[in-house]
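Below, read A as the first sequence line, B as the second, and so on, with proteins coming before strands; counting in each chain starts at 1.
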Amino acid sequence: MTAHIEIRNVSKHFGAMTVLDDLSLSIEAREFIVFLGPSGCGKSTLLRMIAGLETVDSGEIAINNERIDHLPPGKRGIAMVFQSYALYPHMSVRDNMAFGLENIGMSRGVIDERINEAARILEMPHLLERKPGQLSGGQRQRVAIGRAIVKEPKAFLFDEPLSNLDAALRTRTRIELAQLHQRLQSTMIFVTHDQVEAMTLADRIVVMNNRKIEQIGSPMEIYERPATKFVAGFVGAPAMNFVEVTLDRSNGNATARFAGGMSVQTEIASGQLSDDEYTFGIRSEDVRIVPAGQGNADGMVDVLERLGERTLIYARLGNGQQIVGSDVGNSRVAVGHKVGLAFDGRKSHLFNKAGRAWHAAEV
Amino acid sequence: MDDRPTMPQPAISAASARIPSVDIYAPQWRNFIFVAPFLFFFTTLLLVPLFWGMWLSFHKADTFSSGNFVGLGNYIRLFHDKVFLQSVWNTFYFVLLTVPSLALIGLFLALCLNRRTRSAAVLRTLFFSSSVLSVTIVTLIWRIVFIPNVGLLSTIYGWFGATAPAFISDPDLAMIGIAIATVWWCIGLPMMLFLSALQQIPQDIYEAAALDNANRWQTLRSITLPSIKRTFILVVIVQIVLQFQLFGQAWLMTRGGPNNLTKPIVLYIYDTAFRRWDLGMGAAASEILFVLILIAAMAQYLVTRNKADMT
């Protein structure tokens, strides 16, 4: 069973504070969608509204074209995995998983069958008789997922489920979640502030900020063609380089002029740009390190970060602006060196004062 | 010949090996000063009287002399004294009336008042306020309620043309009257203990239960009650210990009457030791009360310990 979820013009207020403002979103059946955004952007509230743990102040939520926003949480046909797992501490793993099924009067035989199947999928038959207090963080996580699976819900909701795990376990669980999605073919909604989780898991990412949706798109769309300056800065590590520029729109494609005389020829059509003041944006991997004098600009190296397969170079321009560029893993550049920075005009972005983005035409 | 210069490192490490590292857990005897005042009072006011009481219970003693050693004589006399046996039964009956009521009503009030509304806060204060009253005030209030003909209960029954039950003078009801006053007086502490336990249950467990289709009864039975099991045991043990020591209410409301039917063990001890000046027998009765409380509390603890295996 799977679900098409429709969110229409939903708003939420806590007292005088607006948490979500007239938000609409359509989630396709079998889709893995990730709500990504900084703390306090309203992503968890939206998830909890779908679950029925928060009321909807205005607007409506429908699953498979049936309105569910007036139904109690248990009647919506969804299952949720909490950040803290929210396992019942006094019940064994088996009882934790059975509780929801017993409450709807399911027969013991079916319950046992489903629990054993879920335990097999999650490789935890040996944990069934233990209590949550006897499990490690990763095992509790599995139980929480198992408790969701046995319900065979129309949709799974995950509220930052990996944030309490250590780095190695988080990576492994991420992969397991992706496999679980392929296996179950259910609609899954996943809330996180971790862009790596979002990029690796999502069919589509919903980037949220300040009560609104900034952009909805596939991970690569979000990464390569961010709709706003916020998305460009939030997604990607290190964050995108931003430089205030004036535009020369006399040619077909705009030329960005930096303070200090340097310039970059972009592939963004001048015709669609009306102002002269823009913010120029470029990701570190699109700034190559070349010998001094051979790039668009020269800079002094402040910091090196060796990541193994590549080296991040933090260089300071003559005007004091810091730009992060990328070099090969065994780069010979050292702190204090003067290097040239070559910007890839095809991969550059322009943002107006309101934060709206323009990119080179898609190839 | 080895003419290399002596390496300084081994010398340093050897020297440093001789300096003992500081063990922060090592006993510091001067810290004893901090517990000495407590130990002094604990010993003089608790341990010495405890053992002195045991010693007294084996002697025929009055206020002027500690008398002769009589072995188990005092205890044998006690078990032949019908008033004492009656007082033991009275005490058990009282504990049976009050402890379950205090635990269940306290839990019920806590469940009702565990919300963040102004009215709940006012009611919490109201229910707790009786606990700060002295036993004299409490018994005075309840005597006014129970007093025949003019009391509050009689007045209310009078409105319906009925006669109020005689809670102070009826042999079958006198102990129940004392129990009602006691529950009213003592309900604050169990309620507060249950409230604090309820507030420690994580909210997300309730959210998970809501998603698991649990109705209010299923949530109470499967989530709330198991989560506060330890507090329930604590409340029951504390109340057993407290209610076994019934004295003030019985003394002030009924003087142990009618016909010794509300005379608890402590009142019997008071009568024996300080009105009849038979200190040895009073001490023996005290030791029996001590053992009874110990057994009751331990039994309660042992019975519930195995079930209360919460994580």
Item checked: Partners meeting side chain to side chain contact (heavy atoms under 4.5 Å, CB included) with B:Ala214 (sequence neighbours left out) ->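 Partners of B:Ala214 by the side chain to side chain contact (heavy atoms under 4.5 Å, CB included) criterion, ordered by chain and then number, come out as A:Phe99, A:Asn103, B:Ala209, B:Gln218, B:Thr219.
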
Next item on the list: Identify which of B:Pro202, B:Ala208, B:Ala210 forms the greatest number of heavy-atom pairs closer than 4.5 Å to chain A.
Entry: B:Ala208

Check: So which residues of residues 78-88 of chain A are in contact with chain B at a heavy-atom cut-off of under 4.5 Å?
Finding: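 Residues of residues 78-88 of chain A touching chain B at under 4.5 Å: A:Ile78, A:Met80, A:Phe82, A:Ser84, A:Ala86, A:Leu87, A:Tyr88.
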
Note to self: Counting only non-hydrogen atoms closer than 4.5 Å, can you tell me which residues of residues 109-120 of chain A sit against chain B?
What the structure shows: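 Residues qualifying by a heavy atom under 4.5 Å from chain B are absent, so none.
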
Checklist line | Nearest-0.5 Å distance that lies between atom CZ in A:Arg76 and atom CG in B:Asn213 | finding: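 That separation rounds to 12.0 Å.
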
Checklist line | Rounded distance (nearest 0.5 Å) linking atom CG of B:Asp212 with atom CD1 of A:Ile104 | finding: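 Output value for this atom pair is 9.5 Å.
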
Next item on the list: Taking the side chain as every heavy atom from C-beta outward, state whether A:Leu53 and B:Gln203 have any pair of such atoms under 4.5 Å apart.
Entry: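 No, their side chains stay 4.5 Å or more apart.
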
Next item on the list: Could you list which of residues 97-131 of chain B have a heavy atom closer than 4.5 Å to any heavy atom of chain A, in residue-number order?
Entry: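 Within residues 97-131 of chain B, no residue comes under 4.5 Å of chain A, counting heavy atoms only.
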
Margin query: Can you tell me which portion of A:Lys151 sits under 4.5 Å from chain B's heavy atoms? Options are side chain, backbone, both or neither.
Written below: side chain

Note to self: Check whether A:His90 reaches the backbone of B:Ser222 with its side chain - one donor and one acceptor, N or O, closer than 3.5 Å.
What the structure shows: yes

Residues, nucleotides or ligands: over 12 heavy atoms within 6.0 Å of [X] [atom1]:
X        : atom1 : result
B:Phe41  : CZ    : no
A:Arg172 : CZ    : no
A:Glu66  : CD    : no

